[in-house]
Amino acid sequence: MSTPPAGRARPRLFCPLPGAIHPDHRQVEEGIRQWARGTGLAALPGHEALLSHRMGELAARVLPQADREAVQLLADLVLWLFHVDDDCEDGPLSARPAGMAERLSRLLYAAEYPPAPLLPRDPVFAAVRDLRRRTDALFGPVGGAGLVHSLRVYFLSLLWETGQRTAPECPGMGSTR
């Protein structure tokens, strides 16, 4: 973003909606920490740095009128997404599309079928199972199916990103890809 020339004031950003935040935002922030400890995410590399992003406050600003459980679910989901994204960008599979595809398909399976017994004991898997159970509890099976669909789309984008790290490709204007 460019700086306005000297002597000219930056125009005010107009927003027709007043600022709002859920009254339990501090408890939601603490709830993220408790949830991360309970699922094992707190032991993952970079976890403390992720907490500094105040995901509970973000969720509380996005859903200022919602039930606290919905705000907590969103905050926990955002933390989980950050962990998954960091692992996909910097983890051991970040430049191995086949390995990444296997991990993401197993994560998707865990989200689709939370009680499945044959999945790895891994904090990321435990967390997505919990997120799916809570989504079903709050929003019913249609909400749970929506979460799974959204994760499928997100995982495909992560897989594409992994492929671009290993074989970058910039299609031209006449490309048929």
Q: Just verifying a value: how many Å separate L77 CG and S150 OG, rounded to the nearest 0.5 Å?
A: 9.0 Å
Q: Is the backbone of A66 close enough, under 3.5 Å, to the side chain of H22 for a donor and an acceptor to pair up by distance?
A: yes
Q: First locate atom CG of L41, then atom CZ of F82, and finally report the distance between them rounded to the nearest 0.5 Å.
A: 13.5 Å
Q: Determine whether more than 12 heavy atoms belonging to other residues, nucleotides or ligands lie under 6.0 Å from atom CZ of R165.
A: yes
Q: Begin from the C-alpha positions of R121 and F125 and carry the test side-chain contact (heavy atoms from CB on, under 4.5 Å) through to its verdict.
A: CA-CA 7 Å; R121 291 190 185 274; F125 284 78; over 6 Å; no
Q: Working to the nearest 0.5 angstrom, can you tell me the gap between Q72 CD and R134 CZ?
A: 6.0 Å
Q: To check you understand the geometry: which heavy-atom pair defines the closest contact between V128 and A110, and what is its length?
A: CG1-CB, 3.8 Å
Q: When you compare the side chain of L73 with that of L138, does any pair of heavy atoms fall below 4.5 Å?
A: yes
Q: If you take all heavy atoms of T39 and A126, which pair is closest and at what distance?
A: O-CB, 3.9 Å
Q: Testing the basics here: between G163 and P97, what is the closest heavy-atom pair and its distance to 0.1 Å?
A: CA-CG, 4.1 Å
Q: Looking only at heavy atoms, which two atoms of P92 and D87 are closest? And how far apart?
A: CD-OD1, 4.2 Å
Q: Would you say that P114 contacts R132 through its side chain, given a criterion of any heavy-atom pair below 4.5 Å between the two side chains?
A: yes
Q: To the nearest 0.5 Å, what is the distance between CZ on R37 and CZ on R33?
A: 8.0 Å
Q: Could you go through the side-chain contact (heavy atoms from CB on, under 4.5 Å) check for W35 and L131 one step at a time?
A: CA-CA 10 Å; W35 180 74; L131 290 167; 3.9 Å; yes
Q: Does D122 come within less than 4.0 Å of R129, counting only side-chain N to carboxylate O?
A: no
Q: Compare all side-chain heavy atoms of L151 with those of L147 and state whether any distance is below 4.5 angstrom.
A: yes
Q: Does CZ belonging to R26 count more than 12 external heavy atoms closer than 6.0 Å?
A: no
Q: Hydrophobic cluster membership, with links at side-chain heavy-atom distances under 4.5 Å among I/L/V/M/F/W/Y: are L107 and L156 in one?
A: no
Q: So for atom NE2, which belongs to H149, do other residues, nucleotides or ligands contribute more than 12 heavy atoms lying within a distance under 6.0 Å?
A: no
Q: Is it the case that over 12 heavy atoms from other parts of the model lie below 6.0 angstrom from the CZ atom of R106?
A: no
Q: So F155 and W80, would you call those rings parallel, tilted or perpendicular, with 30° and 60° as cut-offs?
A: tilted
Q: Between atom CG of L79 and atom CG of L51, what is the distance when rounded to the nearest 0.5 Å?
A: 6.0 Å
Q: What pair of heavy atoms forms the shortest contact from S52 to A49, and how long is it?
A: OG-O, 2.5 Å
Q: May I ask you to test the P64-I21 pair for a side-chain heavy-atom distance under 4.5 Å?
A: no
Q: Salt-bridged, E29 to R61, with N to O below 4.0 Å?
A: no
Q: Could you tell me if the side chain of L74 sits less than 4.5 Å from the side chain of M55, heavy atoms only?
A: no
Q: Tell me, with the steps shown, if C88 and L159 meet side-chain contact (heavy atoms from CB on, under 4.5 Å).
A: CA-CA 9 Å; C88 289; L159 190 55; over 6 Å; no
Q: Pair R96, E102 - check salt bridge (charged side-chain N to carboxylate O under 4.0 Å, His left out), show working.
A: CA-CA 10 Å; R96 294 184 40 227; E102 179 183 355; over 6 Å; no
Q: Side chains of L44 and V124: does their closest heavy-atom pair fall under 4.5 Å?
A: yes
Q: Taking the side chain from T162 and the backbone from L158, do they hold a donor-acceptor pair closer than 3.5 Å?
A: yes
Q: For L93, does its backbone N or O pair with a side-chain atom of R103 as donor and acceptor, under 3.5 Å?
A: no
Q: Let me confirm one number: the CG-CD distance from L50 to E48, rounded to the nearest 0.5 Å.
A: 9.5 Å
